[in-house]
Number of protein chains: 2
Amino acid sequence: MSERIWTAGLVVIGDEILSGRTQDKNVAQIAIWLNVQGIQLAEVRVVPDTQDRIVEAVNAIRTGYDYCFTTGGIGPTHDDITVDAIAVALGVPVVIHPEARSLMERYYETRGGLTEARLRMARVPEGADLIPNRMSGAPGIRVGNLFILAGVPHITAGMLDALTGTLEGGRPVVSATIGSWAAESEIAGLLGETERAFEGVAIGSYPFFREGRTGANFVVRATDPALVDTCAAELGARLSAAGYEVVKGGI
Amino acid sequence: MSERIWTAGLVVIGDEILSGRTQDKNVAQIAIWLNVQGIQLAEVRVVPDTQDRIVEAVNAIRTGYDYCFTTGGIGPTHDDITVDAIAVALGVPVVIHPEARSLMERYYETRGGLTEARLRMARVPEGADLIPNRMSGAPGIRVGNLFILAGVPHITAGMLDALTGTLEGGRPVVSATIGSWAAESEIAGLLGETERAFEGVAIGSYPFFREGRTGANFVVRATDPALVDTCAAELGARLSAAGYEVVKGGI
């Protein structure tokens, strides 16, 4: 019986990532969180703060995968255009969400009051629900299979936390890592043969050069934990038989 | 006179990025390098080690921008399928590049000799040139407007170094940063007005919470250094006039 695989794509919105000014941290954090939900991150696109480019990427991702996440561009300033772009992508108007408005009013009550700029953060594509934000004022937004998150990593993390357990997924991918002081070019054949012998398993090979020596870590991945264990044990046995030192858990 | 803007897209190839196991470092490093060449990174796609997905992304990026870069998947193992996928994308066969073969022979002369797996790293899409790799054996590959680079960041860096000054570009984007201890929601109007007053300038707003206080850095970006200086000075003056402390160079 073949298993239903749940997939997501991520659109990272922000000139600051594409200029190299800011090192993205959300891809890895969202990938790891999604896997716990039983959803595989299948594609990421990084696009600038430009409406057409956001619309194009969001439409490709939301129709191509089960879920579409976006990060960035939901603040109060002129370069925060994610909500407007996504409304265009969905063909719906932008509206003020009454609950978001109340949240903003309460949040800014002791912080100078709700201004026009701050009210921008209560705008959502019509039909949207809010994603709680316990770190700062502005909530995230869920509309259909689209999840609009903040770009600042610790705020993104809080929103992911609020979503934990609410998305339908399948079995998470589990992995086992084996390290070996072998040049990967020496054991390429052995690796490929081992992968082919275990259907549903992917083996990644990640070479490194450390302490003056060449080595590689091999990551065995599948949704079936027993299959991962069996394949990792077999790979370890084959590497040992070929004369290589094997380090369980990786080097 | 409007300036020709040169653009590039990047395809990051690798299950390890999409699983969250590996934190990507190449987007930022390539973005910064491209800007020095006068080329703007306009889009990034991260795709798995799957031929169809690589082909689709590479074709979208190489036809959508002046240059297409890829990172990852050019090693000797079964999960290194970038060359094959790009050959499919271009509709050309994969051939052994004679110079790459010689390089591999020399490199492995004292390292156990050239095996079938190692010879894989001399395979290129027909019509390709090599990009020198001074860090390890396998070269990068240039074919048309496509640049196929290694995924391991320090090896990628060496290949970028070898390409420095060889790609046609325009004027680099320059930037000036101004920091202020202001909530960005307080100065959103001022920011937007300042940006609109300077055509060709983009102002990014990057809020932070530090030492118990709220602040933001504003990055003024354009290809004209004089315009950047004038706009940054004007923004600083407007922030000061509105009663905010301004820190040149950012906080």
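Just so it is clear, the model here is predicted, and its values are computed rather than measured. Lettering follows sequence order; numbering is per chain, from 1.
Only the side chain of A/Val219 has a heavy atom closer than 4.5 Å to any heavy atom of chain B. Heavy atoms closer than 4.5 Å to chain A are found in the side chain of B/Ala183, but not in its backbone. For chain A, the nearby part of B/Arg221 is the side chain; its heavy atoms alone come within less than 4.5 Å. For B/Asn217, the part sitting under 4.5 Å from any heavy atom of chain A is the side chain, from C-beta outward, and nothing else. Residue contact with chain A, scored on non-hydrogen atoms closer than 4.5 Å, is absent for B/Leu34. Only the side chain of A/Thr115 comes within less than 4.5 Å of a heavy atom of chain B; its backbone N, CA, C and O stay farther away.
Residue pairs satisfying the ring pair (Phe, Tyr, Trp, His ring centres under 6.0 Å) criterion with at least one member in residues 173-210 of chain B, sequence neighbours excluded, are listed as follows: B/Trp181-B/Phe208. Residue pairs meeting the salt bridge (Lys or Arg N to Asp or Glu O under 4.0 Å) criterion with at least one member in residues 56-70 of chain A, sequence neighbours excluded: A/Arg4-A/Asp66, A/Arg53-A/Glu56.
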Q.
Using side chain to side chain contact (heavy atoms under 4.5 Å, CB included), reason through B/Asp24 and A/Val27 one step at a time and then give a plain yes or no.
A. CA-CA 8 Å; B/Asp24 169 76; A/Val27 172; over 6 Å; no
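Between the side chain of A/Gln29 and the main chain of B/Gly20, no donor-acceptor pair closer than 3.5 Å is present. A donor-acceptor contact shorter than 3.5 Å is absent between the side chain of B/His78 and the backbone of A/Thr194. B/Asp15 places no side-chain N or O within 3.5 Å of a backbone atom of A/Gly204 that could act as its donor or acceptor partner.
Along residues 6-14 of chain B, no residue comes nearer than 4.5 angstrom to chain A, judged on non-hydrogen atoms.
Judged as a side chain to side chain contact (heavy atoms under 4.5 Å, CB included), and not counting sequence neighbours, the contacts of B/Gln37 are B/Trp33, B/Ile39, B/Thr164.
When B/Val47, B/Thr22, B/Leu191 are compared by the number of non-hydrogen pairs under 4.5 Å with chain A, B/Leu191 comes out ahead.
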